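In what follows, chains carry the letters A, B, and so on, assigned in the order in which the sequence lines appear, proteins first and then strands, with residues in each chain numbered from 1. Everything quoted here is computed from the prediction, not taken from an experiment. What's counted below: heavy atoms across the whole structure, side chains too, no hydrogens, waters or symmetry copies.
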Amino acid sequence: MASTARRDAPEPPDFGILKRLARDQLIYLLEQLPGRKDLFIEPDLMSPLDRIANVSVLKQHEVDKLYRVENRPAPSTSDQLCFLVRPRVRTMRYIADIVNADKMSGRSRKYKIIFSPQKFYACEMVLEEEGVFGDVTCDEWSFYLLPLDEDIISMELPEFFRDYFLEGDHRWINSVARALQLLNSLYGPFSRVYGIGRCAKMSYELWRDLEEESENDGQGRKPEIGNIFLMDRDMDYVTALCSQVVYEGLVDDTFRIKCGSVDFGPEVTSSDKSIKVLLNAQDKIFSQIRNEHFSSVFGFLSQKSRNLQAQYDRRQGMDIKQMKNFVSQELKGLKQEHRLLSLHIGACESIMKKKTKQDFQEMIKVEHALLEGFDIRESTSFIEEHIDRQVSPIESLRLMCLLSITENGLIPKDYRSLKTQYLQSYGPEHLLTFHNLKRIGLLTEQAAGETLTAVESRVSKLVTDRAAGKITDAFNSLAKKSNFRAISKKLSLIPRVDGEYNLKMPPDMAYVFSGAYTPLSCKIVEQVLERRGWQGLEEVVRLLNGNEFAMADGAPEDGAGGDAQRVVVAVFLGGCTFSEIAALRFLGKERGCRFIFLTTAITSSARMMEAMAEAKA
Amino acid sequence: MDCYTANWNPLGEEAFYRKFELYTMEWGLKEDLRDCLVAAAPYGGPIALLKNNARKEKSPSTRPLLEIYSASGLLLASIPWKSGQLVQLGWTASEDLLCIQEDGTVLIYNLFCEFKRHFSMGNEVLQNHVLEAKVFHTEYGTGVAILTGAHRFSLTTNIDDLKLRRMPEVPGLQKPPSCWAVLTQDRVTIVLLAVGQDLYLLDNTSCSVVTPPGMSPSAGAYLQMAVSFNYRCLALFTDTGYIWMGLATLKDKLCEFNSTIRSPPKQMVWCTRPRSRQRAVVVAWDRQLMVAGDSTECIRAGLQPPATFFPRALSGRHRFVLDEDSYLVPEPDGVRILSRTSHEFLHEIPEASQEIFKIASMAPGALLLEAQKEYEKESQKADEYLREIKDQKLLPEAVSQCIEAAGYEHEPETQKSLLRAASFGKCFIDKFPPESFVRMCQDLRVLNSIRDYQIGIPLTFTQYKRLTVEVLLDRLVLRRLYPLAIRICEYLRLPEIQGVSRILAHWACYKVQQKDKSDEEVAYAINQKLGDTPGISYSEIAARAYDCGRTELAIKLLEYEPRSGEQVPLLLKMKRSKLALSKAIESGDTDLVYTVVLHLKNELNRGTFFMTLQNQPVALSLYRQFCKHQERETLKDLYNQDDNHQELGNFHVHSSYSEKRIEGRVGALQNAVDEYYKAKNEFAAKATEDQIKLLRLQRHLQEDFDKPYLDLSLHNTVSTLIQDGHHKKAEQLYRDFKIPDKRYWWLKISALATRGDWEEMEKFSKSKKSPIGYLPFVEIAVKHHNRYEAKKYAPRVTPEQRVKAFILVGDLEQAADAAIEHKNEAEMNLVLSKCSAATDSAVMEKLNRARAQLLKK
């Protein structure tokens with residue numbers, strides 16, 4: 001590994017056990033329905049399931065045929081149907097339709113619904129209303145955590161973002177608390193807990209309640225993870241909205257990494273078929289470039305290919321015995337490396353092509369201008385032109401949001417005209433999208449925010465007890481001031497560098513945005529860990545609307561406690577981006593600690609924008 | 001100690017029986033026991049008495065009195081009996097009193113004479129009245145068997161799960177049977193009855209005549225029968241004084257005995273010890289008591305003046321004193337004998353005690369006890385005895401024997417001396433596991449404390465082990481002896497949740513019934529004592545308070561419940577739905593919130609329901625989420641209720657998507673426009689109006705040009721029109737929809753380029769001054785690989801962008817000229833970077849020169 005750690009960061013704990021637990025439970029649940037059965041799988045669960053148990057494992061446990069849960073009648077002829085689903089009302093209706101259709105035709109089968117990660121009462125309500133509650137049996141597959149990589153754990157709940165932040169739906173908080181409990185029981189007890197954000201706080205409180213109820217004392221066990229930091233996505237939308245320029249982020253923005261793997265199309269593979277590649281620390285090439293700024297990736301790859309060639313070239317001048325050795329021991333590795341290398345070179349070329357075509361450089365320049373807060377008029381014109389030329393609906397929306405959130409809302413004239421332009425370009429149905437963006441606070445009009453925060457603070461003054469405190473939660477979906485400019489100044493998020501920013505040997509986390517901006521979320525983590533709490537950050541906390549907490553539970557003093565105290569779980573409620581991951585990995589390397597990422601899902605600006613769009617019918 | 005065996009009476013070769021006093025009864029009973037209805041619960045349970053029952057006249061002053069005493073004769077409670085004529089009293093396994101009335105109604109009281117509930121034994125019993133009744137205990141629970149006036153039997157095997165069974169008729173039965181008993185065999189409950197010399201067995205379906213094996217033919221008519229505690233043995237007494245003892249299956253005889261007493265006994269009960277080979281029954285007449293077993297001899301007791309009493313000298317026969325009218329209570333390991341003045345226990349001496357205390361016993365335990373005594377006297381005999389045991393290698397056995405025997409002793413002094421002996425013996429054994437000794441010490445401590453006069457539960461060690469400590473604790477709780485129960489839990493170090501917490505919870509449940517204290521006081525007292533003890537469920541206590549009609553107290557208690565989830569169901573039950581809703585929300589458990597919401601939905605009318613939700617945003621958003629997928633119409637009602645016109649507008653827009661027909665879609669959108677206006681959202685209203693306009697227009701276009709236009713954005717509509725050459729129409733839209741100039745120019749040139757209509761583009765470029773400049777023309781032409789056209793526009797590009805334009809069209813020379821003209825180093829560098837040494841050396845040279853000149857200045 002090329003990493004040059006100042007102080008060795010501890011190795012991450014082995015998260016393989018999470019997979020084994022999930023697999024064992026799934027097998028147990030499948031065996032609860034003995035005999036041959038057809039399995040219907042929710043499309044969202046396919047990739048995660050694939051990482052846990054492949055088809056042959058399912059076949060071993062008498063799964064006959066596999067179907068996707070989709071809006072089409074099921075052609076299954078089996079007498080036993082098993083549904084592996086997320087707890088969603090829509091899916092319940094789909095199942096109810098199948099059951100009712102069978103009833104109409106006088107057919108009797110066994111139905112079993114396995115909810116992952118948990119069952120919701122609302123689902124049972126729907127089954128009851130559709131009159132099939134008595135015909136199905138329900139189970140829960142407590143598959144909360146999927147390790148995507150040695151340091152990334154995902155809950156694979158992309159809907160968390162919209163459900164909580166837009167709809168104010170608290171269902172998933174319980175799942176988060178249970179996930180934390182699971183993690184704590186396997187790798188804890190965590191001695192230090194930090195967090196910021198309403199959802200983070202609620203999740204933390206619920207988790208603490210769960211721990212109290214279970215009375216499962218982890219005392220005496222040696223923890224592998226000592227610290228945990230919880231953060232709501234709405235603490236920092238800016239970072240998630242910026243164009244990503246580290247390699248992994250770019251691959252995600254360009255090709256969409258799905259559940260830790262990516263489909264490289266023909267333009268990358270330079271053949272006529274797509275190749276599915278698992279992107280993780282096992283990939284020797286990828287693991288060296290994933291966190292690098294894109295500008296240094298090409299150089300690295302060409303250096304790498306020269307080295308590889310040199311290794312191949314050693315064959316010349318080998319005698320038979322050496323050759324035999326080479327073939328049996330090194331050649332396979334080299335070939336594998338070669339294959340990966342050519343894939344990543346292909347991916348780079350493809351990225352380059354796309355990015356230059358769309359005036360990527362100019363867009364980055366605008367983004368940086370927005371982050372730093374100058375040339376607002378020019379940037380607005382750029383965005384307008386972007387819309388007028390129909391460059392990309394998602395990108396246009398992203399830029400509008402970035403403008404709004406860095407400027408604390410658009411001035412009324414721009415707000416109206418940009419929206420009008422957008423509707424003309426990309427269709428009138430986006431009227432609802434704009435409404436959603438306003439509600440979540442991503443695209444707002446200036447001045448309106450003022451009155452809202454006033455109301456909110458008055459309400460929070462009136463009510464002090466815990467129950468009533470939740471009333472104010474309702475306001476979290478309403479627009480609130482982002483205060484980005486002030487926070488940026490307080491935390492010096494815009495690095496002051498004389499001369500060129502050294503992207504090859506970056507001095508700080510800002511490198512993930514070409515040295516123009518230090519991701520706010522990561523900066524908060526850095527500051528809190530450094531200060532062991534929120535002291536001295538009062539002003540920032542106030543600007544972020546509070547809800548911070550810090551708890552040190554019998555934490556050992558500095559230096560004591562071993563490696564676990566240098567392992568930090570960073571929990572992102574609502575998703576985190578690869579840029580943030582890269583930034584914190586960099587910070588970890590600098591500080592000799594190891595970050596583990598626990599996120600409700602990997603996100604990106606595009607995914608966030610898509611989540612805000614109102615689905616047609 | 002020397003006359004320890006003084007009260008031992010031998011029966012046959014091996015067995016000894018002894019009777020000793022448990023308590024002197026101080027209940028000051030004036031009546032004779034025979035004038036009262038008596039019921040004593042097994043396992044040292046309470047005693048129920050009904051006085052004056054026999055008197056028929058019902059003047060209020062002479063109402064029968066129901067009294068309940070502890071086994072030591074302390075009055076627990078009493079009430080005047082105001083209900084119907086009682087036939088029988090009995091105790092359930094959980095120490096509730098069953099009062100069986102003549103009309104077949106069974107009333108259940110707790111041991112403080114508090115009425116719990118009642119049930120009836122059925123119509124047949126009601127009509128024919130109860131002649132006799134028996135309460136019995138099986139593995140199913142407590143049962144009641146009734147003999148009715150019509151000489152029919154009815155029974156239930158479990159009063160908590162009442163299933164009445166009417167037994168088949170006994171053919172030719174004209175008068176009540178002389179005696180009967182309930183048996184249980186292979187989990188089936190049957191009735192055995194005797195009529196004269198005949199025995200009948202009644203099971204569920206049939207009645208059969210049975211003859212006990214080995215029954216003497218001249219035995220005569222049956223007068224009395226007794227079933228052992230475990231239902232295994234049966235004893236029959238006939239009018240010739242003959243007693244048959246055998247298995248209850250009537251398949252085997254165990255022994256027989258001839259008492260020569262012909263009068264019918266008042267009571268006959270079995271007196272055996274678990275795992276003993278010895279079988280014996282105790283028969284009681286008015287003034288006589290007899291223990292009869294497998295021996296020609298028996299043990300008798302009659303009414304003797306105590307002063308002259310000296311059994312052995314008197315008759316050479318072993319006798320028990322029976323001074324007064326007595327009542328027998330069968331126990332699993334003996335018989336309790338109740339009388340007006342005393343309460344005694346009669347049992348067979350267990351083997352371990354026999355071995356140790358039998359006169360001149362050489363059993364290891366006996367020797368050890370002796371050794372220890374000598375040791376205390378500091379005599380060397382102690383060593384001799386010890387050696388004797390050790391030589392036989394029987395020391396561990398001796399210790400075990402002493403420990404075991406200690407358990408059977410009632411007197412703490414005897415217990416102590418045996419335990420001392422055991423402890424002494426233990427010292428000489430290398431590895432004697434200490435558990436049995438420690439356990440026994442603990443058990444005896446518990447037993448001695450509950451046998452205390454004040455507590456009055458005379459449990460023997462055997463009974464205690466059968467009952468288990470958990471049940472014993474329950475019984476203490478039933479008697480409201482909370483402090484003692486807690487002390488026992490603490491002493492035995494029982495886990496808090498099963499021990500102390502459970503008892504505290506019971507205490508609290510009792511406490512909430514104290515009506516004389518205010519809600520605040522009670523709640524405070526409970527919280528003081530219980531605090532945060534693990535395993536305490538405040539919600540259960542609150543539920544009890546609510547059952548007692550103290551809703552306010554229940555709510556106060558719920559405040560102490562740390563798990564909000566537990567508070568919700570009770571709050572719902574108490575109809576505090578709004579409080580329940582906020583607690584559910586507080587719990588963070590959305591399932592719980594849904595539960596309450598659904599409950600409210602059914603309980604309240606729609607208007608109130610919505611109002612309640614409006615005040616609870618969390619619940620409201622959950623319900624909205626549900627409605628969005630399941631009941632969209634409800635969603636509309638929700639918004640309507642709230643006058644949320646913005647959301648209503650969105651709702652209509654959303655539903656327009658699912659409309660297939662244009663008219664439907666326009667209609668929905670029109671609704672949306674109205675709502676948006678009401679919401680004062682002019683932007684949205686305008687945008688929607690535009691959409692309606694566009695939709696209508698697109699329909700026309702679609703009809704006119706026979707091409708799909710619907711669902712295109714305005715931009716795409718205009719763009720398609722231009723691509724198809726409908727420039728006029730496009731112009732019209734441009735004006736109608738006030739498309740900004742810039743957009744229109746962008747749109748038009750790219751559409752024209754796509755169409756390849758360069759001529760039109762040139763015309764357009766000259767129509768007026770371009771609002772987007774001319775660089776886009778260049779760009780778009782280059783994009784479509786038409787350099788020729790691109791070059792046309794390059795010179796018209798503004799000077800600032802001209803370099804870029806020339807580079808785009810590939811004219812480096814002009815680009816260089818422009819850059820030099822601007823004296824702009826960056827531009828020069830840009831051009832330079834595009835130059836290749838092979839072909840553009842002249843340009844490069846020119847640029848380098850210009851740059852050098854520039855730098856000089």
Does NZ belonging to B/Lys748 count more than 12 external heavy atoms closer than 6.0 Å?
-> yes

Hey, could you give me the CG/CZ distance between A/Leu431 and B/Phe683, rounded to the nearest 0.5 Å?
-> 6.5 Å

Search all heavy atoms of A/Gln424 against all heavy atoms of B/Phe737 and return the closest pair with its distance.
-> NE2-O, 3.6 Å

Select one option (side chain, backbone, both, neither) describing which atoms of A/Ser417 are under 4.5 Å from chain B's heavy atoms.
-> neither

Taking atom NZ of B/Lys693 as the centre, report whether more than 12 heavy atoms of other residues, nucleotides or ligands fall under 6.0 Å from it.
-> yes

Measure B/Tyr676 against the heavy atoms of chain A and call it side chain, backbone, both or neither at under 4.5 Å.
-> side chain

Taking all atoms of both residues into account, what is the closest heavy-atom pair of A/Gly168 and B/Ser621, and its distance?
-> O-OG, 3.1 Å

When rounded to the nearest 0.5 angstrom, what distance separates CG in B/Leu694 from CG in A/Leu423?
-> 11.0 Å

Options A/Ser425, A/Ala122, A/Ala177, ranked by heavy-atom pairs under 4.5 Å with chain B, top entry | A/Ser425

Go through the atoms of A/Lys119 and report whether side chain, backbone, both or neither lie under 4.5 Å from a heavy atom of chain B.
-> backbone

Output yes when a side-chain donor or acceptor of B/Asp591 lies under 3.5 Å from a complementary backbone atom of A/Tyr121, and no otherwise.
-> yes

B/Gln691 vs A/Glu429 side-chain heavy atoms within contact, under 4.5 Å | no

Which portion of B/Glu631 sits near chain A, non-hydrogen atoms under 4.5 angstrom = side chain

Is atom CD of A/Glu378 surrounded by more than 12 heavy atoms (other residues, nucleotides or ligands) closer than 6.0 Å?
-> yes

Atom of A/Tyr422, atom of B/Arg743 and distance for their closest heavy-atom approach | N-NH2, 4.4 Å

Heaviest contributor of heavy-atom pairs below 4.5 Å to chain B, chosen from A/Ile387, A/Ile173, A/Val89, is A/Val89

Given a strict heavy-atom distance threshold of 4.5 Å, which part of A/Glu129 is in contact with chain B: side chain, backbone, both, or neither?
-> side chain

Tightest non-hydrogen contact, residues A/Glu385 and B/Trp746, listed as OE2-CZ2, 3.3 Å

Of the non-hydrogen atoms in B/Ser713 and A/Gly427, which two are nearest, and what is the gap between them?
-> CB-N, 3.2 Å

How close do B/Asp589 and A/Asn174 get, heavy atom to heavy atom, and via which atoms?
-> CA-ND2, 4.4 Å

Verify the distance criterion only: is there a donor paired with an acceptor across the side chains of A/Arg389 and B/Ser750 at less than 3.5 Å?
-> no

Return yes if some donor-acceptor pair links the side-chain N/O of B/Thr590 with the main-chain N/O of A/His170 below 3.5 Å, else return no.
-> no

Side chain / backbone / both / neither for A/Arg93 at chain B, heavy atoms under 4.5 Å = side chain

Is any side-chain heavy atom of A/Glu167 less than 4.5 Å from a side-chain heavy atom of B/Lys628?
-> yes

Sequence-distant partners of A/Gln390, side-chain hydrogen bond (donor to acceptor under 3.5 Å, both in side chains), two or more places apart = B/His715, B/Asn716

When the 4.5 angstrom heavy-atom criterion is applied to A/Glu124 and chain B, the contacting part is neither

Do B/Leu622 and A/Phe120 come within less than 4.5 Å of each other through their side chains, counting heavy atoms only?
-> no

Has B/Arg696 got more than 12 heavy atoms of other residues, nucleotides or ligands less than 6.0 Å from its CZ?
-> no

Interface residue of largest heavy-atom contact number with chain B, from A/Glu384, A/Gln421, A/Arg90, under 4.5 Å | A/Gln421

Sequence neighbours excluded, the answer for side-chain hydrogen bond (donor to acceptor under 3.5 Å, both in side chains) partners of B/Glu647 is A/His435, A/Arg439

So which residues of residues 592-601 of chain B are in contact with chain A at a heavy-atom cut-off of under 4.5 Å?
-> B/Tyr594, B/Thr595, B/Leu598, B/Lys601

Under 4.5 Å to a heavy atom of chain B? For A/Met125 that would be side chain

Could you please spell out the steps behind the side chain to side chain contact (heavy atoms under 4.5 Å, CB included) verdict for A/Asp388 and B/Tyr744?
-> CA-CA 8 Å; A/Asp388 285 351; B/Tyr744 188 65; over 6 Å; no

Who pairs with B/Ser770 by side-chain hydrogen bond (donor to acceptor under 3.5 Å, both in side chains), at least two apart in sequence or on another chain?
-> none

